[in-house]
2 protein chains.
Amino acid sequence: MDNYSFTEENYIKAIYHLETKGDVANTNKLADAMQTRAASVTDMLKKLKRKKLVTYKPYYGCNLTPRGKSLALLIIRRHRLWEFFLSEKLGFNWQEVHDVAEELEHVGSEKLINKLDEFLGYPKVDPHGDPIPDFKGNMVEPEQFSLAGYTLNKSGIVVKIGEQSPALLEVLEQKKIGIGSRIKVLQKADFDQSMEIKINNKHTAHISKVLAENIFIKIV
Amino acid sequence: MDNYSFTEENYIKAIYHLETKGDVANTNKLADAMQTRAASVTDMLKKLKRKKLVTYKPYYGCNLTPRGKSLALLIIRRHRLWEFFLSEKLGFNWQEVHDVAEELEHVGSEKLINKLDEFLGYPKVDPHGDPIPDFKGNMVEPEQFSLAGYTLNKSGIVVKIGEQSPALLEVLEQKKIGIGSRIKVLQKADFDQSMEIKINNKHTAHISKVLAENIFIKIV
DNA sequence: ATAAAAATTTAGACAAATCTAAAAAAATAT
DNA sequence: ATATTTTTTTAGATTTGTCTAAATTTTTAT
């Protein structure tokens, strides 16, 4: 695999994320994502095109070539493996892992990342519930379920909140449940479907059926 | 702690290593260490002086300021902790760890490096036998001697290889001598200072004076 | 002590990634 | 369909770390 600068890698990653969100990666969106100016983006897109990582059409935007896409997946693989390492082995909170992984993801050694993968036991999902590509770039988007359908002792990561009402958000805030929280079902009451859950392996909470129906979990 | 570029950090590290070797870090030696030209070094030294990391005297060379020295020790701490991690946790050979650690050492998070230190059990020495500075920058130089100075029937554990040339590493590989090997001196020839040694109580080897001078042993 | 050699610095240039300001193209509104 | 607004590109400048070639200082040798 060739060698790319931090900046190039970050552009490729940003383009990938825009594409998978269904958007075309155009100049202004990229400038926004990269915290830079449109003119700088234009320059970079021309360069990435020269390097055959994207197809670039002036006044339109760009798409990743197959080469660009595998580079993106490699960087995402590195990022998410490091996030897993930081969380699992070094005891970082899931909120803290992103910024550090943002730096570690640019360390290029192929052997490093594959050995790390092995050391971590080939995890499928990072601490935010996002899937980790394997060494070939394949990843399995984990299925998400409402917490209400969960059975005892199953755990996962909160990836979505159903209803966006202020009342619901307030309850979640109060119980310290948010996107990324790791939740494990401890007890379930048959008569009203309420449940006792453990949040981030730290504190427990009791939540009603209605609340559980609005919390969506990815299995980890 | 402030933020420095990869290049600045690498210069600081090179200056530190020259200083501890007893040399004055002058332009040509630095150009050699940094694989660059003298003119580039001059530019950089002026910059490092502006940043108060070195004292620089034209036509003489430079010395690290206290700030510069603690930065150097921090980078060395990162480097050696990562080497330990790669060797101990990911199963890299001690010859392979250096280049990867060279990249990892520039990841700046203070929390990362202190958590890593904790995770590794606060190791005192890296896979090459070099001491790891603690979070304050203190390190204990382990007592070690060149094998060349050894007398008959004395034995110890290989903790460091002096010169890092591929030619030397190849000989060591071939004779199955590595960091951690237990070595006992069986015979010594007066006329050329070559010696017969036993390695790991298993096989014997004949090694020249020059080779012996590059093998450092810790008495056990 | 003076000339020759070696080491170092200065001057001016370059590539990468960025910027601002102005020009050009595309989208939108009347 | 034409004018206005938005988006994007171009042109030219800036910063960082590098380079070559020439000038300068220091060291070494006679």
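Letters A, B, ... are given to chains in the order of the sequence lines, protein chains preceding strands, and every chain is numbered from 1.
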Open item on the list: As a test of reading the structure: which of D/dT8, D/dA21, C/dC19 is closest to the side chain of A/Thr42, going by heavy atoms?
Closed with: D/dT8
Open item on the list: Angle between ring planes, B/Phe85 versus A/Trp82, binned at 30° and 60°: parallel, tilted or perpendicular?
Closed with: tilted
- [ ] Whole angstrom is fine here: how far is it from CG in B/Leu30 over to P in C/dT9?
- [x] 11 Å
Task: Nearest-angstrom distance from the residue atom NZ of B/Lys29 to P of C/dA6 - done: 17 Å
Open item on the list: Quick check: do A/Lys111 and B/Glu96 have side-chain heavy atoms less than 4.5 Å from each other?
Closed with: yes
TODO: With the side chain counted from C-beta on, respond yes when B/Leu81 and B/Pro123 share a heavy-atom pair under 4.5 Å apart, and no when they do not.
DONE: yes
TODO: Please work out if A/Ser40 contacts a base, only the sugar-phosphate, or nothing of the nucleic acid, heavy-atom cut-off 4.0 Å.
DONE: base
TODO: Could you tell me the separation between the CE atom of B/Met44 and the P atom of C/dT8, rounded to a whole number of Å?
DONE: 17 Å
Task: Option passing salt bridge (Lys or Arg N to Asp or Glu O under 4.0 Å) with A/Arg77 (candidates A/Asp117, A/Asp130, A/Asp126) - done: A/Asp117
Open item on the list: Rounded to whole Å, how long is the line connecting atom CZ of B/Arg37 with atom P of D/dT18?
Closed with: 13 Å
TODO: Would you kindly give the NZ-to-C1' distance between B/Lys57 and C/dT9, to the nearest whole Å?
DONE: 16 Å
Task: Of A/His106, A/Glu103, A/Glu105, the residue whose pairing with A/His79 passes side-chain hydrogen bond (donor to acceptor under 3.5 Å, both in side chains) - done: A/Glu105
Open item on the list: Heavy atoms only, 4.0 Å cut-off, all strands: where does B/Asp43 land among base, sugar-phosphate and nothing?
Closed with: base
Task: Length of the line joining B/Lys51:NZ and D/dT15:P, which is rounded to integer Å - done: 14 Å
Task: Sugar-phosphate, base or nothing in reach of B/Lys46, heavy atoms under 4.0 Å - done: sugar-phosphate
Open item on the list: Assess the residue pair A/Glu9 and A/Arg78 against the criterion (salt bridge (Lys or Arg N to Asp or Glu O under 4.0 Å)); give the C-alpha distance rounded to whole Å, side-chain angles, the decisive distance to 0.1 Å, and a yes or no.
Closed with: CA-CA 12 Å; A/Glu9 290 193 355; A/Arg78 292 184 199 143; 3.4 Å; yes
Task: Which nucleotide in D/dT18, D/dA21, D/dT26 has an atom nearest any side-chain atom of B/Tyr59 - done: D/dT26
Open item on the list: Taking only side-chain N and O atoms of B/Ser5, does any of them lie within less than 4.0 angstrom of OP1 or OP2 on D/dT16?
Closed with: no
- [ ] Kindly point out which of C/dT9, C/dT20, D/dT8 is positioned nearest to the side chain of A/Asn28?
- [x] D/dT8
- [ ] Mind checking A/Thr27 for me? I need base, sugar-phosphate or nothing, with any heavy atom below 4.0 Å counting as a touch.
- [x] sugar-phosphate
Open item on the list: Heavy-atom nearest nucleotide on DNA chain C for A/Pro58 versus A/Arg50: which residue maps closer to 5'?
Closed with: A/Arg50
TODO: Would you kindly give the OH-to-C1' distance between B/Tyr56 and D/dT25, to the nearest whole Å?
DONE: 12 Å
Task: Any residue of residues 6-17 of chain B with a heavy atom less than 4.0 Å from an atom of DNA chain D - done: B/Thr7, B/Tyr11
- [ ] Taking the six-membered ring of B/Phe119 (Phe, Tyr or Trp), confirm whether the NZ or CZ of B/Lys89 is under 6.0 Å from its centre and within 45° of its axis.
- [x] yes
